[in-house]
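Read the numbers this way: they start at 1 and go in the same order the structure lists the ligands and their atoms.
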Amino acid sequence: MAKKAKRTIVTVSQVRLDKYKGDMLAVGLFEGAKRLPAELVQLDKTADGALKNVLKLGDFTGKANETAVLYTSGKVGCKRIMLVGLGQKDKFKLDGLRQSAGTAARTAEKLAVARLGLAVHGTGGVKLSAEQAGQAVTEGAIVGRYDYQEYLSEAKDNSQKDTTMRVTIVEPKASAVTGLNRGRRVGVVLGEGQNYARTIANKPGNEINPPSLAREAQKLAREVGLKCKIFDERKLSDMGMNGILAVGSGSASKPRLIMLEHKGRRTGNQKTGPDVVVVGKAMTFDSGGISIKPSANMEEMKFDKTGGCAVLGIMKAVAAMKLPLHVVGLIPSAENLPSHTSYRPGDIVRTYSGKTVEVQNTDAEGRMILCDALAYAAKMKPKAIVDMATLTGACVVALGVHYAGLFGNNAALKSKLENAAQVSGDLVWAMPSDEGYFAEMKSKIADLKNISNRKGGACTAAAFLGDFVGDVPWAHIDIAAVADTDAEKPYRGVGATGFAVRLVMEYLRSK
Ligand code: BES
Ligand code: ZN
Ligand code: ZN
């Protein structure tokens, strides 16, 4: 029987650290701290100096996400205290706090902790607002605890059991409680939006194909109150969305274009275009098509739908927060397979924009579906378009796994996204995609071709996309390297990461 997902419930409680009654209390310590921060002195006293002892012995150094569990003798309200390393104090960022909460929740789970107190914020005198701290800690716990286990018949250990964890943000000062709670409410929505995106993205290609992804979007829309429109293959053909159709032509699961819409209060009657259209690539599987990929690691190409899944997570969060904006989500979806009906190298496709594209490689399919969706988005005359796509291996080579590539035609929009990246922890690095790159995408026999040479592949791909948005401010985020991971971290499990949900939500909230 398929297992239910775990539940993480986060609350804020005004209580002294040594009085919190739970199964474990997590507190943060910076690397190399010689003395305990003021916030922990009382706890340490009640615990008969247990914290000081650990520091003295040198068993715990405070490196980022290092943990140590101490067992208390009964005077402290809580049976266990967990020390969580916050790393070097002068390098500490908001994401460090998010990670420390994730580490605490993931580690607690292995010990079957059902009630976890988090006092990692405010330890050590780092200046953060209570609201920022409450949000980051909440996100960290919810996202950190997540594991994809739908297809596991039985739990292999505690951390896989279908349990509910009650996480309490423990705060002795009354003055901080309101702010922490405000942040907590946002953190719950963003954390759950991100985990939802991860769950859809983690599902395999034999479950999620373009029609079943469209049904999932409809279900989401019903649940959270979004408008949802699905363009099936007949409609796509009527509209001339031949880029999406070409890519999907080799699969029995026909392509879809999924549209979700949120019209926030204050935007209800406006006649102008949307504030933002968010677009996400959803190749439910990318085999490369006739230009087939090597078989090693090809299974990872089920993650080629993560851009579209991020759009689902974003729209879920937008609806839950009732953002006072008009936001449209667009998800072009297809399955790229080789067959006797597939599109082929050499084909010339007339895309929705009217521009023709010579296909030189069927594995450069993301841009073929995105160009139709972007042209459609631009027609709505929005104030901005932001797209997310696992677009190129070249971006993985260029930036490695710590940053997504940020491209676009508008400096102000890019700068807003860079700021949102710093707050959300979904990091982006600005890359070029101007005329020089675009010139490389011109074909001798059509308006454009879908590949250039190997040089600067992420930049030429972005330049191709940029030709379909006209003069609408547009940003493109190449998430190929960051959308999924097989490297487990103390604060995060493997599989789809849900990258870009928090990033784009931070951008939308700060508009
Ligand atoms: N989905 C891939 C990009 C990708 C590669 C995502 C590795 C995640 C990890 C995309 O459709 C693709 O195959 N791109 C080609 C483009 C090339 C043919 C110009 C690539 O990057 O090799
Ligand atoms: Zn491909
Ligand atoms: Zn792809």
Side-chain angles (χ1 to χ4, degrees), residues 201-202 205 208-210 213 243-244 246-251 255 279-310 331-338 342-347 357-373 387-405 407 431 433 437 440-441 443 448-465 476-487 495-497 499-500:
N202 279 323
I208 291 286
N209 50 47
L213 184 66
I244 301 179
V247 172
S249 60
S251 171
V279 181
K281 168 180 173 180
M283 293 307 304
T284 60
F285 187 68
D286 179 15
S287 70
I290 299 290
S291 315
I292 197 161
K293 289 182 181 292
S295 52
N297 304 323
M298 203 204 267
E299 72 282 359
E300 289 174 10
M301 283 300 128
K302 74 168 185 177
F303 294 121
D304 212 21
K305 60 183 180 297
T306 44
C309 297
I331 306 171
S333 182
E335 183 176 40
N336 191 15
L337 292 181
S342 298
Y343 81 135
R344 28 182 127 43
D347 284 2
V357 179
E358 181 193 356
V359 178
Q360 290 192 346
N361 188 318
T362 63
D363 196 12
E365 85 299 335
R367 59 200 83 179
M368 299 297 298
I369 67 169
L370 283 167
C371 71
D372 279 353
D387 83 67
M388 291 144 281
T390 45
L391 200 65
T392 65
C395 197
V396 186
V397 174
L399 293 176
V401 298
H402 306 292
Y403 285 80
F407 304 82
M431 305 262 281
S433 59
Y437 297 100
E440 293 187 45
M441 301 308 293
S443 159
L448 293 160
K449 54 184 181 176
N450 77 334
I451 57 166
S452 172
N453 50 45
R454 281 165 44 80
K455 297 176 187 168
C459 307
T460 49
F464 177 99
L465 297 182
H476 156 64
I477 305 166
D478 192 330
I479 59 171
V482 294
D484 64 274
T485 178
D486 55 13
T497 58
F499 187 97

Is there a side chain to side chain contact (heavy atoms under 4.5 Å, CB included) between Val247 and Tyr343? Walk through the geometry before answering.
CA-CA 6 Å; Val247 172; Tyr343 81 135; 3.8 Å; yes

What residue and heavy atom of the protein are closest to [atom], and at what distance?
atom                    : result
atom 10 (C) of ligand 1 : Leu391 O, 3.3 Å
atom 2 (C) of ligand 1  : Asp286 OD2, 3.6 Å
atom 12 (C) of ligand 1 : Asp363 O, 3.2 Å
atom 1 (N) of ligand 1  : Asp304 OD1, 2.9 Å
atom 9 (C) of ligand 1  : Met301 CE, 3.6 Å
atom 16 (C) of ligand 1 : Arg367 NH2, 3.8 Å

Flag, side chain of [X] to backbone of [Y], donor-acceptor distance under 3.5 Å:
X      : Y      : answer
Asp286 : Asn336 : no
Thr362 : Gly288 : yes
Arg344 : Ile290 : no
Ser251 : Gly248 : no

Distance under 4.0 Å to a non-hydrogen atom of [X]: what atoms of ligand 1 satisfy this?
X      : value
Glu365 : 11 (O)
Ala480 : 6 (C), 8 (C)
Thr390 : 1 (N), 2 (C), 3 (C), 6 (C)
Ile451 : 19 (C)

Do [X] and [Y] make a side-chain contact, defined as non-hydrogen atoms from C-beta onward lying under 4.5 Å apart?
X      : Y      : value
Ser287 : Lys293 : no
Pro332 : Val279 : yes
Phe407 : Leu465 : no

Environment of the Zn ion (ligand 3) in terms of protein N/O/S atoms, cut-off under 2.8 Å:
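The answer is Lys281 NZ, Asp286 OD2, Asp304 OD2, Glu365 OE2.
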
Nearest 0.5 Å please: distance from the CD1 atom of Ile477 over to the CG atom of Leu391.
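Here the interatomic distance stands at 12.5 Å.
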
Should the proximity of [X] to ligand 1, defined as any heavy atom under 4.0 Å, be assigned to the side chain, the backbone, both, or neither?
X      : answer
Asn361 : side chain
Lys281 : side chain
Asn336 : neither
Met283 : neither
Glu300 : neither

So does Asn453 have more than 12 non-hydrogen atoms from other groups sitting under 6.0 Å from CG?
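Enclosed.
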
Are any of the N/O atoms on Thr392, whether in the backbone or the side chain, positioned under 3.5 angstrom from an N/O atom of ligand 1?
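Among all N and O atoms of Thr392, none is under 3.5 Å from an N or O of ligand 1.
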
Minimal non-hydrogen separation, Ala463 against Ser433, with atom names:
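Here Ala463 and Ser433 meet closest at CB-O, 3.6 Å.
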
Return yes if a side-chain donor-acceptor contact under 3.5 Å exists between Asp304 and Thr390, otherwise no.
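Looking only at side-chain atoms, Thr390 and Asp304 do form a donor-acceptor pair, the distance falling under 3.5 Å.
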
When you compare the side chains of Thr392 and Asp478, does any donor N or O come within less than 3.5 Å of an acceptor on the partner?
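There is such a pair between these side chains.
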
So that I can tick it off, tell me whether Lys281 and Glu365 are bridged by a salt bridge, with the cut-off set at under 4.0 angstrom between side-chain N and carboxylate O.
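Result for this pair is yes, salt bridge flagged.
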
Heavy-atom proximity to atom 21 (O) of ligand 1, best of Cys395, Gly393, Ala394:
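Among Cys395, Gly393, Ala394, the closest heavy atom to atom 21 (O) of ligand 1 belongs to Gly393.
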
